[in-house]
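Right, one structure below, let's go through it.
Counting convention: from 1, in listed order, for ligands and their atoms alike. Atom set for the values below is all heavy atoms of this structure, side chains included, hydrogens, waters and symmetry mates excluded.
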Amino acid sequence: MIGRMQRADDDPRDDRPATRFVSAGRRFDRRIDTVNLPVVRASSVTLATLAQADDEGAAGIAGERHRTTYATTGTPTTFALMDALAQIEGGGHACRAALMPSGLAAISIPLLAFCKPGDHVLMTDSVYGPARAFATTMLARYGVRTEFYDPSIGADIDALIRPETRIVYLESPGSYTFEVQDVPAICRAARARGVLTMIDNAWGSPVFARPFDWGVDVSLLPLTKYWSGHADLLMGAAVVREEHWPTLWQAVRQTGTCVGGDDAWLVLRGLRTVDVRMRRHEASGLAVARWLEVRPEVARVLHPALPSHPQHALWRRDFSGASGLFAFELKGATPSQLAALCENRRHFGIAYSWGGFESLIMPAKIGALRTVAPWRGGPLVRIHCGLDDPQDLIDDLAAGLHAMAAA
Ligand SMILES: Cc1ncc(COP(=O)(O)O)c(C=O)c1O
């Protein structure tokens, strides 16, 4: 639709000088097609008629595709990303996607959307720390009770489901400890009892995991990680089966949850290379993991693609590859030895995020983050293998382990 400011007979030369500042240069030739879409930065969406405002407004409230009267509901750029995410993450399933300003918002907003006071949520004990904090503080304040379960529970989740259970929340592999869950078995049990399943699909990326084939209802995506892949933006998305779209969309729209055009465009750009990037992250991660596995300082490496991983068979069954994120357990290390290992590395930076082109290292403090299956091992260090040459990463870790022994 053409809004008033784009009327074909508008000529800025007819305007007074001050008006020209706001009218000149706003008409462009829409017939010129480029490989990439333009970035649309917007707040106002101009409408041609009042009837169109009514019609478009009602369609936007109902969550119909590409219908908007204001940029909080969407713009051509954010709609393009929403469509791409629904197609990619949904695979052959009919899905819709909503954008959120961070991966954490893509966890908290859907939990708010699907829960009401009195509901019960079953959440894996291996969950991302801030998601646990949200559930135990804010959700609790709204009268939603969260119970944590052992990530290895599988079909036995059935025994924990109560009449008031609304959601089973999964994350596979788990944050920091990398337990692979039997997602299909949990989804089957939940579905048989009419309970919604929600998964944080951060690690598997769009390339190696297919949550809707596993049976989940809602997939939560930190687009900050591999989807965008360049450590230059924060964004998240919730992808839902079509039947759950009205509930999600209402919460997204009513909370004013939205993202800007520049960041949406950058995620679209990241998507074009994600398959190639993931295969390099996988190869480098495995090379480094195998090297660490035989080091005398290392008790074990927590990497689902290693045959030594306790749920390696589940990983082989459900995933088509591995990302570059894993952890290793040291036989022992004092805080100053951990600092010697992690600080002053040439290629590994110290940072909390992951999923970009850069390599990162961070000791994992999970003591307070497990209540059902406490961590009983030694010091845990999480690393993200970026797109560097894996031999440089190995040399860097060798220097770190050497510095650790000397500290
Ligand atoms: C497993 C997992 N889920 C979700 C998030 C949240 O993503 P964001 O950093 O975009 O808020 C993170 C961030 O580290 C994460 O590790």
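Taking the six-membered ring wherever Trp is involved, the centroid distance between the rings of His309 and Phe178 does not fall below 6.0 Å.
Using a 4.5 Å heavy-atom cutoff, the side chains of Val252 and Thr72 are not in contact. Side-chain atoms of Leu266 and His230, non-hydrogen and from C-beta on, never get closer than 4.5 Å to each other.
A cation-pi arrangement, defined by a distance under 6.0 Å to the six-membered ring centre and an angle within 45 degrees of its axis, is absent between Arg300 and Phe328.
For ligand 1, the polar-atom distance check finds an N/O of Trp354 within less than 3.5 Å of one of the ligand's N/O atoms. Residue contacts with ligand 1: Glu171 is placed with no nitrogen or oxygen under 3.5 Å of a nitrogen or oxygen of the ligand (distance criterion only). An N or O contact shorter than 3.5 Å is missing between Leu234 and ligand 1 by distance. Of the polar atoms of Lys225, at least one N or O is found under 3.5 Å from an N or O of ligand 1, judged by distance alone.
Of the protein's non-hydrogen atoms, Gly103 N, 3.4 Å is the one closest to atom 8 (P) of ligand 1.
In this structure, the side chain of Asp388 does not engage the main chain of Pro390 through any donor-acceptor pair within 3.5 Å.
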Q: Determine, step by step, whether Phe208 and Trp203 satisfy the ring-ring contact (aromatic ring centres under 6.0 Å, His included) criterion, reporting the C-alpha distance in whole Å, the side-chain angles of both residues, the deciding distance to 0.1 Å, and the verdict.
A: CA-CA 9 Å; Phe208 299 135; Trp203 186 87; 7.7 Å; no
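Relative to atom 3 (N) of ligand 1, the option among Asp200, Thr224, Leu233 with the closest non-hydrogen atom is Asp200.
Of all the heavy atoms of Trp203, none lies under 4.0 Å from any atom of ligand 1, so neither backbone nor side chain is involved. Contact annotation: for Leu104 versus ligand 1, heavy atoms closer than 4.0 Å belong to both the backbone and the side chain.
Residue contacts with ligand 1 include Ser175, since one of its heavy atoms falls under 4.0 Å from the ligand.
Near Pro222, meaning under 4.0 Å from any of its heavy atoms, are these atoms of ligand 1: 3 (N), 4 (C), 7 (O).
Just one residue in the list Glu89, Glu171, Arg210 forms a side chain to side chain donor-acceptor pair (under 3.5 Å) with Asn201, and that residue is Glu89.
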